Amino acid sequence: MILLSGGTGTPKLLQGLRKLIPDEEITVIVNTAEDIMISGNLVSPDVDTVLYLFSGQLDDAKWWGVRNDTFHTHNALKKMGINEKLMIGDTDRAAHIFRSEIMRTGARLTEATMQLSTALRIRAVVLPMCDEKVDTMISTPQGDMHFQDFWVGAHGEPDVLDIKIKGIEKAKLTEEVMKALGSDDRVIIGPSNPITSIGPIISIEHMRGILSFKKVIAISPIIGNAPVSGPAGKLMRAKGYPVSSAGVAQYYGDILDVMVIDERDTSDERDFPVKAVRFDTMMTSVEKSEALAGYVLELFETLC
Ligand code: GDP
């Protein structure tokens with residue numbers, strides 16, 4: 001089973017999915033367009049969340065970082081006048097150092113991620129979407145800012161005029177991603193931010209074409225006319241899409257076979273460009289996540 005993932009909605013689904021199928025049978029292709037260098041090391045927020053989920057270390061109250069981590073280095077740097085853009089825990093930083101040290105020897109991001117994954121004894125395959133540097137930039141009336149500056153630094157408050165995925169035209173599908181896509185025909189697009197988490201992955205050259213031959217089921221991160229959390233609504237509006245599950249289906253276009261929308265969503269099925277089905281998608285517990293994952297697995301059985 002292949003999943004396309006950001007750092008919150010899809011990892012929540014993975015929590016339940018891994019109760020139903022073994023980790024060895026799961027491959028996650030993860031967004032890297034929010035990656036950022038912090039204090040000399042590469043932080044890959046979405047990849048890290050997925051890795052920590054599989055290693056059992058994830059702080060799933062916040063959906064980032066390591067549970068019960070300490071912040072000695074972050075706070076010591078602060079006292080010395082260095083204000084890191086993200087709160088980096090000490091154990092979390094060890095993973096960033098591990099990844100960056102491997103990359104400093106000339107290895108690709110994918111190779112470093114796979115070695116980190118092995119070091120954390122993870123059995124699932126966790127792959128960055130590409131090896132090239134790609135940055136989600138938010139255009140605001142004050143100018144363009146990196147997604148992390150918009151979301152963490154400015155709390156998502158600036159008006160959004162546009163979203164650009166800088167560097168995406170040079171990004172290539174890696175051999176590891178190609179191999180994964182060649183060995184499984186079932187793809188879940190989890191309920192992640194369509195524009196900033198899934199958008200970069202499906203914008204890599206040839207990705208849409210390959211996905212259009214797969215069985216693809218997406219789960220909407222939007223219920224009614226608002227996302228469950230985060231800036232997806234504002235970003236979809238800026239891109240000219242309706243803030244609704246139908247808008248998400250429209251954005252994904254012909255790669256989709258089925259869109260799962262929330263049972264509370266009052267959208268009209270006729271507004272969807274693909275088959276829309278309903279289920280409880282609010283993953284407020286692992287049990288609810290497992291039920292949703294089970295429903296999606298059954299849905300695949302109905303697709304020929
Ligand atoms: P990010 O990388 O931290 O932005 O995380 P993602 O892109 O993976 O996930 C963010 C999206 O997850 C938001 O648009 C939320 O609406 C959605 N989301 C979070 N929790 C849930 C949930 O329980 N159910 C559904 N349907 N969507 C969720």
Side-chain angles (χ1 to χ4, degrees), residues 3-12 14 28-53 58-60 62-66 74 84-89 92-93 95-96 99-100 103 108-110 112-113 116 126-140 143-158 160 162-171 174 177 189-204 207 221 227-236 238-239 251:
L3 292 96
L4 309 188
S5 181
T8 308
T10 309
K12 276 190 193 176
L14 280 165
V28 194
I29 301 172
V30 191
N31 171 46
T32 57
E34 292 164 26
D35 290 13
I36 190 165
M37 291 297 288
I38 296 200
S39 303
N41 297 305
L42 181 63
V43 180
S44 191
D46 293 354
V47 171
D48 292 341
T49 292
V50 174
L51 289 173
Y52 296 149
L53 177 83
L58 181 67
D59 182 340
D60 64 2
K62 296 191 305 225
W63 289 93
W64 58 266
V66 169
H74 179 81
E84 295 185 310
K85 278 185 185 173
L86 300 179
M87 285 274 289
I88 308 292
D92 192 13
R93 191 184 304 272
H96 306 154
R99 164 189 298 124
S100 307
M103 291 182 74
R108 297 178 294 124
L109 176 62
T110 302
T113 306
L116 179 55
V126 180
L127 298 173
M129 64 181 198
C130 64
D131 288 321
E132 294 80 5
K133 181 171 158 50
V134 175
D135 293 299
T136 293
M137 302 298 294
I138 309 293
S139 302
T140 75
D144 286 2
M145 50 174 90
H146 189 278
F147 179 78
Q148 299 295 359
D149 292 320
F150 166 77
W151 183 238
V152 182
H155 313 291
E157 282 162 12
V160 178
D162 196 7
I163 299 97
K164 296 173 194 149
I165 312 173
K166 201 173 131 197
I168 198 71
E169 61 293 338
K170 295 208 181 98
T174 62
V177 166
I189 301 182
S192 282
N193 187 320
I195 308 290
T196 54
S197 294
I198 305 301
I201 306 176
I202 60 176
S203 298
I204 298 173
M207 189 57 139
V228 176
S229 60
K234 203 171 189 176
L235 304 181
M236 284 188 65
K239 275 286 171 202
Y251 177 68

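Just so you know, these numbers come straight off a predicted model, no measurement behind them.
Rounding to the nearest 0.5 angstrom, the gap separating the CE atom in M137 from the CE atom in M145 is 9.0 Å. Here the OG atom belonging to S44 is positioned 8.0 Å from the CG atom belonging to L51, to the nearest 0.5 angstrom. Note that CD1 of I189 and CD1 of I29 are 10.5 Å apart. Values are rounded to the nearest 0.5 Å. To the nearest 0.5 Å, atoms OG (S192) and CG (N31) are separated by 8.5 Å. Atom NZ of K239 and atom OH of Y251 lie 7.5 Å apart (nearest 0.5 Å).
Within the 4.5 Å cutoff, the side chain of P191 has no heavy atoms near those of the V228 side chain. Counting only heavy atoms from C-beta outward, the side chains of I138 and W151 never approach each other to under 4.5 Å. In this structure, the side chains of S39 and R93 come closer than 4.5 Å at one or more pairs of heavy atoms. In this structure, V177 and M129 have side chains that are not in contact, with every pair of non-hydrogen atoms separated by 4.5 Å or more. Side-chain contact between D48 and H96 is present, with heavy atoms from C-beta onward closer than 4.5 Å. Taking 4.5 Å as the limit, some side-chain heavy atom of L14 sits within range of a side-chain heavy atom of V28.
The minimum heavy-atom distance between P200 and I168, with the atom names listed, is O-CD1, 3.5 Å. The minimum heavy-atom distance between P45 and D35, with the atom names listed, is CD-OD1, 3.7 Å. In terms of heavy atoms, T10 sits closest to L3 at CG2-CD2, 4.0 Å. For the pair V50 and P11, the tightest heavy-atom approach, listed with the atom from each and the gap, is CG2-CG, 4.2 Å. Of all non-hydrogen atoms in G6 and V30, the two that sit nearest each other are O-CG1, 4.4 Å. Between T49 and G7 the shortest heavy-atom distance is CG2-O, 3.2 Å.
At least one donor-acceptor pair under 3.5 Å links the side chain of W63 to the backbone N or O of D60. Distance alone, capped at 3.5 Å, is enough to place a donor-acceptor pair between the K234 side chain and the G156 backbone. Side-chain atoms of K133 never come within 3.5 Å of backbone atoms of K166 as a donor-acceptor pair (strictly under, hydrogens ignored). Using a distance-only test at 3.5 Å, with no hydrogens or angles considered, no donor-acceptor pair links the side chain of H155 to the main chain of E157.
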Next on the checklist: I'd like to know whether D149 forms a salt bridge (charged side-chain N to carboxylate O under 4.0 Å, His left out) with K85, so could you lay out the CA-CA distance, the side-chain angles of the two residues, the decisive distance to 0.1 Å, and finally the verdict.
Outcome noted: CA-CA 8 Å; D149 292 320; K85 278 185 185 173; 3.3 Å; yes

Item to check | K164 vs D162, salt bridge (charged side-chain N to carboxylate O under 4.0 Å, His left out): CA-CA, chis, key distance, verdict | outcome: CA-CA 7 Å; K164 296 173 194 149; D162 196 7; 5.4 Å; no

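The side-chain contact (heavy atoms from CB on, under 4.5 Å) check on K170 picks up nothing, with sequence neighbours excluded. For E132, the side-chain contact (heavy atoms from CB on, under 4.5 Å) partners are C130, A171, K172, not counting sequence neighbours. For T196, the side-chain contact (heavy atoms from CB on, under 4.5 Å) partners two or more places apart in sequence, or in a different chain, are E34, T136, F147, N193, L235. For K62, the salt bridge (Lys or Arg N to Asp or Glu O under 4.0 Å) partners are D59, not counting sequence neighbours. Applying the salt bridge (Lys or Arg N to Asp or Glu O under 4.0 Å) rule to D131 yields the partners R108; only residues at least two apart in sequence or on another chain are considered. Shown here are the side-chain contact (heavy atoms from CB on, under 4.5 Å) partners of S100, two or more places apart in sequence or in another chain: N41, L42, R104.
Tested against I38, the residues H74, Q148, E84 include a single side chain to side chain contact (heavy atoms under 4.5 Å, CB included) partner, E84. Residue F150 is tested with I163, D144, V160 for a side chain to side chain contact (heavy atoms under 4.5 Å, CB included); the sole match is V160.
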